Participant: 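Take this structure first; my questions come after.
Note: hydrogens, waters and symmetry copies are ignored here, and every other heavy atom, side chains too, is used. Along the sequence shown, the residues carry numbers beginning at 1. Quick caveat: nothing in here was measured; it's all calculated off a predicted structure.
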Amino acid sequence: MRRAEFDVKDENSINEVLEACEYGTLSLINNGKPYCIALNFVYFQGSIYFHGSNEGKKIDTIKENQNGAFLVVQPYSTIPSYFFDTVAACPATQFFASVLLEGILSFIENGDEKAKVLNALMKKLQKDGGYEEIAYDKAMYTKMLDKVTIIRLNPQNISCKIKVGQNLNDEKRDKLTQKLENRASNIDMHTIKQMKFYNKK
C-alpha cells in the first residue's frame with residue numbers, strides 16, 4: 001500500500017470491518033476481461049463464503065479461473081472542503097475502511113458444511129434470530145442445501161486500509177473532530193471514535 005499511515009495489520013480491526021459490511025464486490029477474470037459481482041458474504045473460519053444459484057456467468061467464470069479478489073468498504077464521514085476553512089475544493093474527501101482479500105475460489109459440496117456456512121451468514125445478517133437453525137438432516141432444509149451453491153474464497157493475502165485522518169497534523173485533526181462533533185450525525189460520531197483509535201499518540 002502506497003500510504004503506509006493508512007495500512008492496518010491488526011486482525012481485530014480487519015474482523016470488525018468484515019463483520020460490519022453486509023456485502024462486497026467479487027472480482028473475477030472472464031475470458032481475459034475483468035468481471036465484478038456484488039454479493040452478500042460471511043467471513044467464517046478464516047475464509048470468505050458466498051451463496052447463490054448453481055448456474056450462471058459467475059459459476060462458469062469460477063470454473064474456468066479459480067483466482068478471485070473480494071473487496072468490502074465501510075464508509076465513514078464525508079468531509080466537505082470547507083471543514084478545512086478554505087474555498088478550494090481540494091480538501092474534500094470521505095473517510096472509510098476497506099478490506100481486500102485475494103485468493104483461490106472453490107465450491108463446497110458437503111451438505112453439513114454448507115449448513116454451517118449458512119448458519120454463520122444468518123447469524124451475521126439476522127442477529128435477532130427468528131428462524132430454525134439450518135441442518136442438512138432437517139427435512140425443511142435438505143433439498144435447499146442440495147440445490148444451493150456455496151463458494152469459498154480461501155485468502156492468500158489480506159490487506160486493510162483505514163483512512164480516518166492519520167495524515168493530518170494534530171491541529172487540523174482537532175479542528176476536524178470539532179466540526180464533526182458539531183454536525184453530530186450517527187456516522188460522524190462513529191468516525192470520531194475511529195479517528196481517536198487510529199490516531200493514538
Participant: Should the heavy atoms of other residues, nucleotides or ligands under 6.0 Å from NZ of K127 be counted, would the total exceed 12?
Facilitator: yes

Participant: If the condition is side-chain hydrogen bond (donor to acceptor under 3.5 Å, both in side chains), which residues does S47 pass it with, not counting sequence neighbours?
Facilitator: R152

Participant: Once side-chain hydrogen bond (donor to acceptor under 3.5 Å, both in side chains) is applied, do any residues pair with N30, and if so which ones, sequence neighbours excluded?
Facilitator: T61

Participant: If you look at every heavy atom in K147 and N54, which pair is closest and at what distance?
Facilitator: O-ND2, 3.8 Å

Participant: Roughly how far, to the nearest 0.5 Å, is the CD atom of E19 from the CG atom of N12?
Facilitator: 12.5 Å

Participant: If every non-hydrogen atom of A20 is compared with every non-hydrogen atom of Q74, which pair is closest and at what distance?
Facilitator: CB-NE2, 3.6 Å

Participant: For the backbone of E181 and the side chain of D188, can you confirm whether one donor and one acceptor N or O come within less than 3.5 Å of each other?
Facilitator: no

Participant: Is there side-chain contact between M189 and I192, with at least one heavy-atom pair below 4.5 Å?
Facilitator: yes

Participant: For T86 and A88, work out which heavy atoms get closest and say how close.
Facilitator: OG1-N, 3.1 Å

Participant: Clusters formed by hydrophobic residues whose side-chain heavy atoms approach within less than 4.5 Å: which one holds F96, and what are its other members?
Facilitator: L71, V73, L100

Participant: Is F197 linked to F95 within one hydrophobic cluster, defined over Ile, Leu, Val, Met, Phe, Trp and Tyr using a side-chain heavy-atom separation of less than 4.5 Å?
Facilitator: yes

Participant: What residue among K193, K163, Q194 forms side chain to side chain donor-acceptor pair (under 3.5 Å) with Y76?
Facilitator: Q194

Participant: Short question: side chain of S53, backbone of E55 - any donor-acceptor pair under 3.5 Å?
Facilitator: yes

Participant: Any side-chain heavy-atom pair from E102 and Q156 closer than 4.5 angstrom?
Facilitator: no

Participant: When rounded to the nearest 0.5 angstrom, what distance separates NZ in K116 from CG in N110?
Facilitator: 8.5 Å

Participant: Please write out which residues are connected to Y49 in a hydrophobic cluster, directly or through intermediates, given that two of Ile, Leu, Val, Met, Phe, Trp, Tyr count as joined at side-chain heavy-atom separations below 4.5 angstrom.
Facilitator: V42, F44, I108, V117, L118, L121, M122, L125, Y131, I134, Y136, M140, Y141, M144, L145, V148, I150

Participant: More than 12 heavy atoms of other residues, nucleotides or ligands under 6.0 Å from CG of N157: is that the case?
Facilitator: yes

Participant: Would the number of heavy atoms belonging to other residues, nucleotides or ligands and lying under 6.0 Å from NZ of K172 be above 12?
Facilitator: no

Participant: How long is the gap from CG on N40 to NE2 on H51, to the nearest 0.5 Å?
Facilitator: 6.5 Å

Participant: If I take atom CG from residue D85 and atom NZ from residue K175, how far apart are they, to the nearest 0.5 angstrom?
Facilitator: 5.5 Å

Participant: Tell me whether K124 at atom NZ has more than 12 heavy atoms from other residues, nucleotides or ligands lying less than 6.0 Å away.
Facilitator: yes

Participant: Share the residues that join L153 in a hydrophobic cluster, the rule being Ile, Leu, Val, Met, Phe, Trp or Tyr side chains under 4.5 Å apart at the heavy-atom level.
Facilitator: I14, V17, L18, L26, L28, Y35, I37, L39, F41, Y43, I48, F50, I59, I62, F70, V72, V99, L101, L105, F107, I151, I158

Participant: Can you list the residues that meet the side-chain hydrogen bond (donor to acceptor under 3.5 Å, both in side chains) rule with N67, with sequence neighbours excluded?
Facilitator: N65

Participant: Taking all heavy atoms of Q94 and all of P75, pick out the closest pair and write down the distance.
Facilitator: NE2-CB, 3.5 Å

Participant: Looking at Q166 and V164, would you say the former's side chain and the latter's main chain have a donor-acceptor pair under 3.5 Å?
Facilitator: yes

Participant: Using a strict cut-off of less than 4.0 Å between a Lys/Arg side-chain nitrogen and an Asp/Glu carboxylate oxygen, indicate whether K63 and D60 qualify as a salt bridge.
Facilitator: no

Participant: Taking all heavy atoms of A89 and all of S81, pick out the closest pair and write down the distance.
Facilitator: O-CB, 3.7 Å

Participant: Return yes if some donor-acceptor pair links the side-chain N/O of S77 with the main-chain N/O of T191 below 3.5 Å, else return no.
Facilitator: no

Participant: Apply salt bridge (charged side-chain N to carboxylate O under 4.0 Å, His left out) to residues K143 and D146 and explain how you reach the verdict.
Facilitator: CA-CA 5 Å; K143 288 184 179 180; D146 284 337; over 6 Å; no

Participant: Nearest 0.5 Å, please: how far is CG in N31 from NZ in K57?
Facilitator: 8.0 Å

Participant: Testing the basics here: between K114 and E109, what is the closest heavy-atom pair and its distance to 0.1 Å?
Facilitator: CE-O, 4.0 Å

Participant: Can you tell me if Q178 and N182 form a side-chain donor-acceptor pair at under 3.5 Å?
Facilitator: yes

Participant: Flag yes if more than 12 heavy atoms outside K123 fall under 6.0 Å of its NZ atom; otherwise flag no.
Facilitator: no

Participant: Count the heavy atoms of every other residue, nucleotide or ligand shown that sit under 6.0 Å from CD of E171, and state whether that count exceeds 12.
Facilitator: no

